[in-house]
Amino acid sequence: MKLTILGGGGFRVPLVYGALLGDRGEGRVTRVVLHDLDPQRLSAVTRVLAEQAAQVPDAPRVTATTDLDEALRGADFVFSAIRVGGLEGRANDERVALAEGVLGQETVGAGGIAYGLRTVPVAVDIARRVARLAPDAWVINFTNPAGLVTEAMSRHLGDRVIGICDSPVGLGRRIARVLGVKNPAEAWIDYVGLNHLGWVRGLRVAGRDELPRLLADPALLGSFEEGKLFGPDWLKSLGAIPNEYLHYYYFNREAVQAYQEAERTRGAFLRDQQARFYDEMTDPDAQALASWDRTRAEREATYMAENRETAGVGERDADDLSGGYEKVALALMRAIARDERTTLILNVRNQSTLSVLDNDAVIEVPCLVDANGAHPVAVDPLPDHATGLVCSVKAVEREVLAAAESGSRATAVKAFALHPLVDSVNVARRLVDGYTAVHPGLAYLV
């Protein structure tokens, strides 16, 4: 079985390959094709993968190419993990927004809109190529903003594109752990929303909802990442546990101030950190896997550092540093390829799951997965406060898609201006001016 990884020179690709190395069943991936526009990055990641596979018999064969059509042709699965504009682009997204006093985070607020505007045209081109060159392939989208990009690709691939994110899985795992659930995989997580904008409303074990027990115990509630980040009182008021990215909405002023006062933005930190790694990989004597692992550990430990500082939270717990999106990807691929039925929280088309959104809107929700793909399960309606946020942000996503399709600068301004975290139409206009000045990929906006 052939797996193509777009963004194959990306830093997190070894996580995916490591998961594949542990998969020994029938119907497993036997060939991995890495595609990237940067030959140096491809070379570096290929070295890491070779060291990972050194002691593994029958490891999937790895090849690398800069030819997109060659990479896609005949693929069974396509993992899309591209970063249009690179980490320099992310750093610019943050810098331009913060100069206007608004959030520039990668997927939330102005930064997420800018990233979406330059990513959607590329993602749509990929979707069209997949439909032509590998019409039977399943596309698993890692590319942020994951929900927005998945929806853009679904207009050309239908339900054969599925978006994934490890945030809901990590949240459910932390809640289960603090509640003493012996096997978190046996817990049913009642979660719904958009990507990076969802809430856990229940966690059922053997048919019993254990979340009320957590919400009623302030000490227990304050003992894990989200409890520390949001505070037990706020979580009790919500009656739910929000995805960590909702910290940017509920504590926006504090988050913006922390980012403005930080020595470097997250994007600038990752840009500099990964540049050192890729530069080190130009040395033929460098220990590729060891260098990658050190860099990864530092990356994970500093995740959302500014938010934790704002909340007065210390370093991340060791149990939260292991990532997880590669496990979601492998579980999804196995369920489809082998008909190993499972339940995963995924980004898929709404169908009729949330009545406040149309059928084609991509949402993040538990899905039953089998050989025919991912099928969203029925969920209870969101409370009014969450419905308002979801509808508002989905409306912004639709304006981003319209701007990307039409090339309309006015529609791009509208997308920024309608976002809950952008407080002025004049700010939205200046954001578009600022982003088009630093991003060649936005030259299409006229």
For this session: Establish, yes or no, whether a centroid distance under 6.0 Å links the rings of Tyr435 and Phe416.
Result: yes

Taking every non-hydrogen atom, the tightest pair across [X] and [Y]:
X: Ser154; Y: Val362; value: OG-CG2, 4.4 Å
X: Val108; Y: Tyr249; value: CG1-CE1, 3.7 Å
X: Gln105; Y: Tyr245; value: NE2-CE2, 3.5 Å

Exercise. Is the NZ or CZ atom of Arg201 both under 6.0 Å from the centre of the six-membered ring of Tyr191 and within 45° of that ring's axis?
Worked result: no

Problem set entry | Arg41 to Tyr278, cation-pi by 6.0 Å centre distance and 45° axis angle | yes

For this session: Using a cut-off of 6.0 Å, state whether more than 12 heavy atoms not belonging to Arg24 lie near its atom CZ.
Result: yes

Exercise. Around atom CD of Glu298, are there more than 12 heavy atoms of other residues, nucleotides or ligands at under 6.0 Å?
Worked result: yes

For the residue pair [X] and [Y], establish whether any side-chain heavy-atom pair is separated by less than 4.5 Å.
X: Met333; Y: Leu20; result: yes
X: Val192; Y: Glu364; result: no
X: Leu270; Y: Arg299; result: yes
X: Thr4; Y: Phe79; result: no
X: Val33; Y: Ile5; result: no
X: Leu238; Y: Tyr250; result: yes
X: Ile162; Y: Asn347; result: no
X: Arg47; Y: Leu289; result: no

Exercise. Does a donor on one side chain and an acceptor on the other come within less than 3.5 Å for Asn144 and Thr107?
Worked result: no

Problem set entry | Donor on one side chain, acceptor on other, His439 and Asp93, under 3.5 Å | yes

Exercise. Is Arg294 salt-bridged to Glu280, cutoff N-O under 4.0 Å?
Worked result: yes

For this session: Answer yes when Asp76 and Lys2 have at least one side-chain N-carboxylate O distance shorter than 4.0 Å, and no when they do not.
Result: no

For this session: Kindly determine whether Arg204 and Glu210 satisfy salt bridge (charged side-chain N to carboxylate O under 4.0 Å, His left out), including the steps that lead there.
Result: CA-CA 6 Å; Arg204 294 182 176 84; Glu210 298 290 344; over 6 Å; no

Problem set entry | Partner of Thr143 by side-chain contact (heavy atoms from CB on, under 4.5 Å), out of Val149, Leu148, Val120 | Val149

Seminar exercise, completed: From the list Arg83, Arg266, His196, side-chain contact (heavy atoms from CB on, under 4.5 Å) with Glu106 holds only for Arg83

Exercise. Is the side chain of Asp339 donor-acceptor paired with the backbone N or O of Ala371 at a distance under 3.5 Å, no angle test?
Worked result: yes

Problem set entry | Audit row: Asp272, Arg276, salt bridge (charged side-chain N to carboxylate O under 4.0 Å, His left out) steps and yes/no | CA-CA 6 Å; Asp272 297 343; Arg276 289 194 300 272; 5.7 Å; no

Exercise. Between Asp159, Asp370, Thr353, which is the residue that forms a side-chain hydrogen bond (donor to acceptor under 3.5 Å, both in side chains) with His375?
Worked result: Asp370

